[in-house]
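Read through the structure below, which is laid out as structure tokens, and then see the notes.
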Amino acid sequence: MQKNITSLGLLNWDDLKFFLEVARTRKASIAAKRLSVDYTTVSRRISSLEGSLGTLLFEKSRNNGFVLTAEGQRLLGYAESIESTLHMACEQVSGSSVALSGHIRMGCTEGFGSFFITPQLSHFLDNYPDISVDILPLPHFISLSKREADIVIALERPEHGPYVCCKLCDYTLRLYATQDYLDNHPPLRRTADLTAHTFISYVDDLAFSSELLYLSNLLPGAQAQLRSTSVIAQYQAALQGRSLAILPCFLAAQDPRLVPVLEEEVNITRHFWMYCREDLRKLKRITLLWDYIRAVTELNRPLLLGESQALRFED
């Protein structure tokens, strides 16, 4: 035990940076790329850290990569606290010029990230040229605990964890088709008429959230000849004029080629939640982006609820 306590005094931040990257990515090759070094450097630094602590931090396997041991998991909590404290210290000591710079990684659902958040971020960065942003619009859950992102916008709020969370907005989904489809298929006057039509939908057993299974709730037994895990793929398929699709209004309403169908009968409301780690929420750049996203989302409330076709930007 004395050896471990003494060796902790020899640790430096560079050692912990390598440890954090490997813990988050589970791959030395990916960690090396993110740290701009080669694979052997990462492997050597991890081995050196384990030697100085006198304990094994990772179990290494060909299939699973670098998996934290119990000791590694305990060190991870301390290392992340040190990382956050250093970021905070840099902001407080260096002044506003540094506070308005830095890097942010934002994760969100695929459609919202591509059709709403990305255009808005372009305008945000005009005002803060020293801030850089990675946008991850992905059709799956993004983990804050693994630091895959600094801020996440998701369909469901986190059940537990050291997070700051707020309800970002409600949004509406409707049934859409091209005019060509409507002209060449049986008329749609009421919900019962939908049984004569085919749909584009999610792959039920691969949907990353039950909130996405609109079709099975609306019309059990509906025929979906084409399914995809991607809402953008569903949108592109709907434009081909061969099937109906349930799509978010913020995506489909901006495209004049798509027409809403049975607007009163098929009107689905879902929610977006925004959250980040408690320690990161205090960083100035995170606060700036957090407040900006909330402001532009409120500004675009009509589009999100299907009451407008125009995407708006802050002046």
Side-chain angles (χ1 to χ4, degrees), residues 16-17 19-26 30-31 34 67-68 70 72-92 99-114 116-118 120-121 124 128 131-171 207-212 248 269-298 301 304:
L16 292 178
K17 280 198 298 186
F19 168 75
L20 283 169
E21 287 299 336
V22 174
R24 289 165 182 166
T25 63
R26 291 194 174 188
I30 299 176
R34 291 174 66 166
V67 180
L68 286 168
Q73 194 68 52
R74 283 196 290 271
L75 180 60
L76 178 63
Y78 290 113
E80 287 184 333
S81 295
I82 293 170
E83 179 185 50
S84 298
T85 300
L86 285 173
H87 286 318
M88 294 267 306
C90 286
E91 284 196 354
Q92 295 296 323
L100 298 180
S101 65
H103 185 70
I104 306 170
R105 178 167 285 186
M106 171 172 274
C108 51
T109 58
E110 184 190 30
F112 196 58
S114 298
F116 183 84
I117 294 295
T118 297
Q120 298 293 345
L121 284 179
F124 171 81
Y128 302 103
I131 294 177
S132 61
V133 180
D134 289 346
I135 178 71
L136 311 177
L138 300 170
H140 60 72
F141 177 75
I142 296 170
S143 173
L144 279 186
S145 63
K146 296 180 181 178
R147 294 294 178 101
E148 293 175 348
D150 302 312
I151 301 176
V152 168
I153 298 173
L155 292 169
E156 301 168 0
R157 68 179 303 162
E159 294 182 1
H160 53 79
Y163 307 131
V164 176
C165 180
C166 72
K167 181 180 175 182
L168 183 60
C169 64
D170 293 331
Y171 70 98
F208 67 91
S209 170
S210 60
E211 296 292 317
L212 299 174
T269 300
R270 291 290 186 270
H271 323 287
F272 282 126
W273 300 86
M274 183 164 66
Y275 54 98
C276 70
R277 291 178 61 93
E278 288 177 348
D279 50 359
L280 293 181
R281 182 67 179 86
K282 299 174 184 177
L283 294 175
K284 183 63 175 177
R285 63 180 179 273
I286 298 293
T287 297
L288 284 170
L289 183 55
W290 179 283
D291 292 345
Y292 179 83
I293 294 299
R294 293 196 68 178
V296 295
T297 301
E298 181 60 29
R301 180 181 173 88
L304 295 168

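Arg281 is listed as a side-chain neighbour of Thr287, based on a closest heavy-atom distance under 4.5 Å. Counting heavy atoms from C-beta on, the side chains of Phe19 and Leu68 come closer than 4.5 Å. Inter-residue side-chain proximity for Ile153 and Ile293 is flagged as met; some heavy-atom pair is nearer than 4.5 Å. Annotation: side chain of Trp273 is not in contact with side chain of Val152 (no heavy-atom distance under 4.5 Å). Contact annotation: the side chain of Met274 never approaches that of Thr297 to less than 4.5 Å [non-hydrogen atoms, C-beta and beyond]. Using a 4.5 Å cut-off on side-chain heavy atoms (C-beta onward), Tyr128 and Arg285 make no contact. Side chains of Tyr171 and Leu155 form a contact here, defined as non-hydrogen atoms less than 4.5 Å apart. Side-chain atoms of Val164 and Trp290, non-hydrogen and from C-beta on, do get closer than 4.5 Å to each other.
Applying the salt bridge (charged side-chain N to carboxylate O under 4.0 Å, His left out) rule to Arg34 yields the partners Glu21; only residues at least two apart in sequence or on another chain are considered. Tyr275 is linked by a ring-ring contact (aromatic ring centres under 6.0 Å, His included) to Tyr163, counting only residues two or more places apart in sequence or in another chain. Considering only residues two or more places apart in sequence or on other chains, Glu156 meets the side-chain contact (heavy atoms from CB on, under 4.5 Å) condition with Ser209, Ser210, Glu211. In this structure, Arg294 has no salt bridge (charged side-chain N to carboxylate O under 4.0 Å, His left out) partners at least two apart in sequence or on a different chain. Residues meeting the salt bridge (charged side-chain N to carboxylate O under 4.0 Å, His left out) test with Arg105, sequence neighbours left out: Asp134. Among residues two or more places apart in sequence or in another chain, the ring-ring contact (aromatic ring centres under 6.0 Å, His included) test is passed with Phe116 by Phe112. A search for side-chain hydrogen bond (donor to acceptor under 3.5 Å, both in side chains) contacts involving Ser132 returns His103, not counting sequence neighbours.
From Cys276, atom SG reaches atom CG of Asp150 across 8.5 Å, with rounding to the nearest 0.5 Å. Atom CG of Leu304 is separated from atom SG of Cys169 by 5.0 Å, given to the nearest 0.5 angstrom.
No option in Leu289, Ile286, Thr118 other than Leu289 meets the side-chain contact (heavy atoms from CB on, under 4.5 Å) test with Met106.
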